Amino acid sequence: MDLRSEKIQRILSKYKFHDVAVEELQKIHRGYPGMQPSTGTYTFSDGTQKDLLKLIGNIPVKYEGRSYNFPIQLWLMDSFPFTPPICLLRPTPDMVIREGKHVDGGGRIHLPGLHNWDYPKSSVVGLLTEMIAKFEEDPPLSAKTTADNKDPHELLAFVSNLQINDGGSRHRDQSINKVSVIGGGDLGMASVMSILSKCKVDKLVFIDVAESSTKGGSTDLEIFGLPKVEVSRDLSASAGSTVVVVTANAWSSEQSYLSVVQTNVDLYRGIIPNLARLSPSAVMLIASQPVDIMSHVAWRQSCLPPTRVIGAGCNLDSARLSHILDINLNTHRPAWVIGELSDNKVAVMSNTGLSSNAQHEIAAGSSAAKPLLDRAFEMMKNRGQRSWSVGLSIADITNSVLTDRMKTHSVSTLAQGWGGIGAEVFLSLPCIIGSNGSTRLAGVSLGQEEDSKLRESVTSLSNLVSQLTI
């Protein structure tokens with residue numbers, strides 16, 4: 001492989017593992033001499049750009065006795081070969097992409113070898129071999145149809161996407177449990193580890209957003225390589241997710257609280273619409289701060305139904321409260337913390353026991369339950385919202401979506417119309433969470449103190465949202 005050109009040498013000199021990368025490139029040349037090196041500027045979906053090396057060429061694919069040359073390009077990240085390449089189809093003008101199990105509508109290639117990349121066990125030579133095998137099973141390119149061209153071989157016809165069994169033909173099941181975590185740092189890493197431990201996922205994508213101040217951890221994940229985890233800087237890797245968790249924050253050095261929040265809103269403007277477009281059926285779970293405001297912002301920017309955009313909110317506090325009531329105070333009824341994630345949050349209790357099969361309902365405020373809830377609240381003090389704790393809470397909500405568990409969580413949701421709230425605000429409320437998102441429990445009359453705190457939060461959140469440029 002000729003790497004002597006000035007452009008290639010200039011780009012290659014910036015690669016973190018230069019000598020190892022050159023050695024791998026030579027191995028690729030020996031196995032696939034048609035893959036030629038070039039340089040280019042790769043634009044990530046968050047708008048950032050980087051000058052990188054890429055390989056361009058054709059791979060031979062046999063289908064129904066005929067041979068086809070499928071044009072591809074592989075972008076090599078500057079941490080290659082410890083990180084997998086970004087693989088894309090390069091269809092000619094007379095070709096169309098057939099979206100399927102291993103290729104999305106934009107032509108990006110998704111293979112087990114990419115998802116489970118683990119150098120030196122993994123290599124581009126092995127990846128190309130796998131790519132050819134998968135494409136021979138399910139060709140991702142076909143010729144454009146014309147009135148005079150309906151050759152089933154050239155069309156790589158629809159029948160190639162069918163499986164034949166005793167019951168006739170059926171489509172392959174394309175649905176997978178895919179979760180994407182957007183944003184690095186302690187919370188992003190805690191969410192990844194907790195979801196892997198708690199949830200049955202087929203694939204977990206961890207995307208470290210360049211503009212986020214909560215960066216870090218992605219390099220370690222690349223180095224140590226966890227099963228089912230793909231590390232990326234490209235939002236398009238999240239396509240087809242069942243749950244999208246957003247932990248990214250972009251705290252600025254501005255002094256005013258409004259300016260700090262606006263910086264986060266500006267960050268969201270660059271990522272939330274793209275995430276919603278790439279996974280239009282996903283449940284979006286927000287953990288950025290302030291969580292009630294950012295959940296509201298995400299809903300506005302995503303144009304998703306309010307049932308599909310929720311915030312982690314008071315779910316952690318609610319789980320702690322129920323645990324204390326059950327274990328420490330011998331009160332076996334679910335309870336939830338509702339309202340704004342601030343000093344104004346309040347506690348409510350279910351009118352059914354933990355073991356009841358009946359759907360939970362919020363018990364109306366009563367003076368009898370208040371001393372018990374106040375005592376439990378006091379026992380919760382100083383526990384804090386540490387990253388690992390929040391990560392576990394995020395995994396719990398994620399699991400309810402993936403398994404359609406229909407469990408009641410206190411999550412930040414559109415509160416308008418609940419309990420007489422007229423303003424468009426997001427607050428934590430008890431919601432039944434399943435595969436289709438959230439359904440609020442019915443509102444009830446609260447005690448005077450609790451109602452006053454809730455109204456105060458509604459006013460302050462409304463005022464803040466009105467000052468933001470969303």
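Given the structure is predicted, the values throughout are model-derived calculations rather than measurements. Nothing fancy with the numbering, it's 1 onward along the sequence. Reckoned from all heavy atoms, side chains included, excluding hydrogens, waters and symmetry mates.
- Checking Asp104 against His110 by side-chain atom types alone, a donor-acceptor pair falls below 3.5 Å.
- The pair Lys178-Asp202 does not meet the salt-bridge criterion, since no charged nitrogen lies less than 4.0 angstrom from a carboxylate oxygen.
- Within the structure, side chain to side chain donor-acceptor pair (under 3.5 Å) pairs that include any residue of residues 294-304 comprise His296-Glu424, Arg300-Glu424 (at least two apart or interchain).
- For the residue pair Ser236/Asp234, the side-chain donor-acceptor check at 3.5 Å is satisfied.
- No side-chain donor-acceptor contact under 3.5 Å links Arg308 to the backbone of Met284.
- Under a 3.5 Å cut-off, the side chain of Ser438 and the backbone N or O of Thr307 do form a donor-acceptor pair.
- Between the side chains of Ser288 and Tyr268, at least one donor-acceptor pair of N or O atoms lies under 3.5 Å.
- Side-chain contact between Leu196 and Leu204 is present, with at least one heavy-atom pair separated by less than 4.5 Å.
- For the atom pair Glu130 CD and Phe135 CZ, the distance stands at 9.5 Å (nearest 0.5 Å).
- The side-chain heavy atoms of Leu127 and Trp117, taken from C-beta on, include a pair separated by under 4.5 Å.
- Electrostatic pairing of Lys203 and Glu230 counts as a salt bridge here, judged by a charged N lying under 4.0 Å from a carboxylate O.
- Salt-bridge formation is detected for the pair Asp317/Lys345: a Lys NZ or Arg NE/NH1/NH2 atom is positioned less than 4.0 Å from an Asp or Glu carboxylate oxygen.
- Side chains of His409 and Cys431 form no contact here, defined as non-hydrogen atoms less than 4.5 Å apart.
- When atom types are taken as modelled, the side chain of Ser194 and the backbone of Ala395 share no donor-acceptor pair closer than 3.5 angstrom.
- Pairing each heavy atom of Asn58 with each of Pro71, the nearest pair is OD1-CA, 3.1 Å.
- Residue Ser460 holds its OG atom at 7.0 Å from CG of Asn463, rounded to the nearest 0.5 Å.
- Not one N or O on the side chain of Asp138 forms a donor-acceptor pair closer than 3.5 Å with the backbone of His102.
- Note that CZ of Phe70 and CD1 of Ile59 are 7.5 Å apart. Values are rounded to the nearest 0.5 Å.
- Within the 3.5 Å criterion, the main-chain N or O of Ile72 finds a donor-acceptor partner in the side chain of Arg90.
- Atoms CD1 and CG, from Ile182 and Asp208 in turn, are 10.0 Å apart once rounded to the nearest 0.5 Å.
- Residue Gly183 comes nearest to Val209 through the heavy atom pair N-CG2, 4.2 Å, listed as atom of the first residue, atom of the second, then distance.
- For the atom pair CG (Leu221) and CG (Leu226), the distance works out to 5.5 Å, reported to the nearest 0.5 Å.
- A distance-only check finds a donor-acceptor pair linking the side chain of Gln262 to the backbone of Thr469 [under 3.5 Å].
- Distance alone, capped at 3.5 Å, is enough to place a donor-acceptor pair between the Thr263 side chain and the Ser259 backbone.
- A distance of 10.5 Å separates CG of Leu25 from CD of Glu23, quoted to the nearest 0.5 Å.
- Side-chain N/O atoms of Thr129 and Tyr32 include a donor and acceptor closer than 3.5 Å.
- Contact annotation: the side chain of Leu402 never approaches that of Lys200 to less than 4.5 Å [non-hydrogen atoms, C-beta and beyond].
- Nearest heavy-atom pair, Ile286 versus Ala298, reported as atom, atom and distance to 0.1 Å: CD1-CB, 3.7 Å.
- Arg108 and Ala237 make their closest contact through NH1-N, 4.0 Å (heavy atoms, listed as atom of the first residue, atom of the second, distance).
- Side-chain N/O atoms of Ser13 and His18 include no donor and acceptor closer than 3.5 Å.
- In this structure, a donor-acceptor pair under 3.5 Å is present between the side chains of Asp404 and Ser435.
- Between the side chain of Lys198 and the backbone N or O of Ile397, no donor-acceptor pair lies under 3.5 Å.
- With a 6.0 Å radius and a threshold of 12 heavy atoms from other residues, nucleotides or ligands, Arg405 has its CZ atom at or below the threshold.
- Side chain of Asn315 to main chain of Ile394: no donor-acceptor pair is present (N/O by atom type, distance under 3.5 Å, no hydrogens or angles).
- In this structure, a donor-acceptor pair under 3.5 Å is present between the side chains of Thr43 and Gln49.
- Between Phe17 and Phe82, a ring centre-to-centre spacing shorter than 6.0 Å is recorded.
- When side chains are defined from C-beta on, Leu74 counts as touching Val124, because their heavy atoms get closer than 4.5 Å.
- Using a cutoff of 4.0 Å between basic side-chain nitrogens and carboxylate oxygens, Asp396 and Lys407 are scored as salt-bridged.
- Taking a 6.0 Å sphere around CD of Gln467, one finds it holds more than 12 heavy atoms contributed by other residues, nucleotides or ligands.
- Applying the side chain to side chain contact (heavy atoms under 4.5 Å, CB included) test between Leu285 and each of Val244, Val179, Val245, Val411 identifies Val245 as the sole match.
- Under a 3.5 Å cut-off, the side chain of Ser322 and the backbone N or O of Ala319 do not form any donor-acceptor pair.
- Residues Asp78 and Leu52 share a closest heavy-atom pair of N-CD2, 3.8 Å.
- Between the side chains of Ser180 and Ser238, no donor-acceptor pair of N or O atoms lies under 3.5 Å.
- Annotation for Ser462 and Ala423: closest pair OG-CB, 3.5 Å, computed over non-hydrogen atoms.
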